[in-house]
Amino acid sequence: MFDQFDYQVVIDSIPFLWEGMQLTFLLTFLAITGGLFLGVLLALARLSHIKVLSFVAGSYVNFFRSMPLILVIFWFYFLVPFILGRPVGGFYSVLVAFTLFEAAYYCEIMRAGIQSVRQGQLQAGQAIGLSYKQNMQYVVLPQAFRNMMPILLTQAVILFQDTSLVYVVGLHDFLVNAEIVATRENRLIEMFSTVAAVYFILCLSFSLSIRKLQRKFSV
Amino acid sequence: MIEMKNVSKWYGSFCVLNDCSTRVEKGEVVVVCGPSGSGKSTLIKCVNGLEPFQEGTILFDDISVGEAKANLTKLRSRIGMVFQNFELFPHMSVIKNIMLGQEKVLGRSEEESDKRSMELLHRVGLSEHAHKYPGQLSGGQQQRVAIARGLAMDPDAMLFDEPTSALDPEMINEVLDVMVELAQEGMTMMVVTHEMGFARKVADRVIFMDEGRIEEDCTKDAFFGEPRGERAQSFLSKILQH
């Protein structure tokens, strides 16, 4: 049965697949960066003593966590151009959607991370005269990141896989490009097993390097 | 230098500090003792505003701690504090722990704060450990680093919150030695401790607390000679037995 397979088509399409993979990587990287930044701010707001801030952050998180990602992507695809009054293209709308969506998850992870830092550490920072911002920046957040590193990176792997949803707005990521080749050349099984293998190898090696990093980090 | 007037604090309806008044003069060493849960730690944490209080006033060099919200960070940088559980920053090397406040709060250059940190590490006998992480040090060593971290800010006073309670017995002395030296150099100190040997050696005054109240506030000799209150007597007899 396997001798009917033609993997030449996979080799020939590598440049085209790589183009798609670049979009996947770029989107993953930007969404993680943006989502993490926004997520940290949300976590600080959510833990704030100012009730309005923590309420707004809490509502934000609950809202996005109750929405399917694909709906959020659709929503921003139509909403962002509507607000700006001009088309922004698929890439920017999904980037906004991913960033805002991931921020809700990163917020919860970072909130747990901040709470995992002992109260005494905060007091020690205060006692040497650090301001709230300095205390967060130099004392609390570095420890929170360290404590939450495995979960943050696991979330990054999930995001990497979720970026395949961009097909709904017509962006050409790795999966979409593979599908184009698959249907054009009628080599569905070869292409999709290649896609599966690539996702598997990338995610697995990433997870393994997380574990290695983890061992190095823990003093 | 430190003046407390009628300070009271409640957690909900539970009264942690009940009308506490005392003062600490410049260069004075005051030991605060008492049974656990008597409010000793809370009392000294009120001095640098780590714990808020609801009634009364605390003056540090005529700055009102309770009100000086805007200047609380400035005030804290003038008061060193040492905690029961050391609270060194585990993600920074020993020297970075000591440099952090100097650089970020006092605005010293990296060179200058590095130099000052090494001096202090030398003083507490740990200069060869400068680039280790806190987790690699023993409890006694960590606490000495914590003292160096407090001193690095060139504070006007030092607060110690049970600095030897979390230590193994053989490490207590190395920390107390540093504190005795500090006291003899004239540092203003407020020390929550059960180390009565330390109190006997360097304290000028002893404050005894029970149930949130300052029960005794007298000179060392008066306290160890014949503490007036019944509670202080029974407390002393319990901890001096062995």
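Separation of atoms NZ (B:Lys104) and CD (A:Gln137) is listed at 7.0 Å; rounding is to 0.5 Å. To the nearest 0.5 Å, atoms OG (A:Ser131) and CZ (B:Arg76) are separated by 10.5 Å. Rounding to the nearest 0.5 Å gives a distance of 9.0 Å between CD of B:Glu103 and OH of A:Tyr138. Atom-to-atom distance recorded for B:Leu100:CG and A:Gln134:CD is 8.0 Å, nearest 0.5 angstrom. Separating the NZ atom in A:Lys133 from the OG1 atom in B:Thr73 is a distance of 13.0 Å, to the nearest 0.5 Å. A:Leu122 contributes atom CG, which lies 9.0 Å from atom CG of B:Leu50 (distance to the nearest 0.5 angstrom).
Within 6.0 Å of atom CZ in A:Phe63, more than 12 heavy atoms from other residues, nucleotides or ligands are found, so the atom counts as buried in its surroundings. With a 6.0 Å radius and a threshold of 12 heavy atoms from other residues, nucleotides or ligands, A:Tyr92 has its OH atom at or below the threshold. The local environment of CD1 in A:Ile50 is sparse, with at most 12 non-hydrogen atoms from other residues, nucleotides or ligands closer than 6.0 Å. The local environment of CD in B:Glu111 is sparse, with at most 12 non-hydrogen atoms from other residues, nucleotides or ligands closer than 6.0 Å. When the shell of 6.0 Å around CH2 of B:Trp10 is examined, it contains more than 12 heavy atoms from other residues, nucleotides or ligands. Enclosure of atom CD in B:Glu110 is not indicated, since only 12 or fewer non-hydrogen atoms of other residues, nucleotides or ligands lie within 6.0 angstrom. Within a 6.0 Å radius of CZ in A:Phe192, more than 12 heavy atoms belonging to other residues, nucleotides or ligands are found. With a 6.0 Å radius and a threshold of 12 heavy atoms from other residues, nucleotides or ligands, A:Phe55 has its CZ atom at or below the threshold.
Within the 4.5 angstrom heavy-atom criterion, atoms from both the backbone and the side chain of B:Phe89 approach chain A. Looking at B:Leu106, there are no atoms closer than 4.5 Å to chain A (heavy atoms on both sides), in backbone or side chain.
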(message) Go through it in stages, so that I can follow the logic: the residues are B:Met81 and A:Gln126, the test is side-chain contact (heavy atoms from CB on, under 4.5 Å), and I'd like the CA-CA distance, side-chain angles, deciding distance and then a yes or no.
(response) CA-CA 10 Å; B:Met81 180 146 200; A:Gln126 287 176 336; over 6 Å; no

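Side-chain contact, B:Lys45 with A:Gln123: a donor N or O sits under 3.5 Å from an acceptor N or O.
The two residues B:Pro90 and A:Gln143 come nearest to each other via the heavy atoms CG-OE1, 3.3 Å. Among all heavy-atom pairs drawn from A:Ala124 and B:Phe83, the shortest one is CA-CE1, 3.5 Å. The two residues A:Ile128 and B:Arg149 come nearest to each other via the heavy atoms CG2-CG, 4.1 Å.
Counting heavy atoms from C-beta outward, B:Met92 and A:Pro142 have side chains that stay 4.5 Å or more apart.
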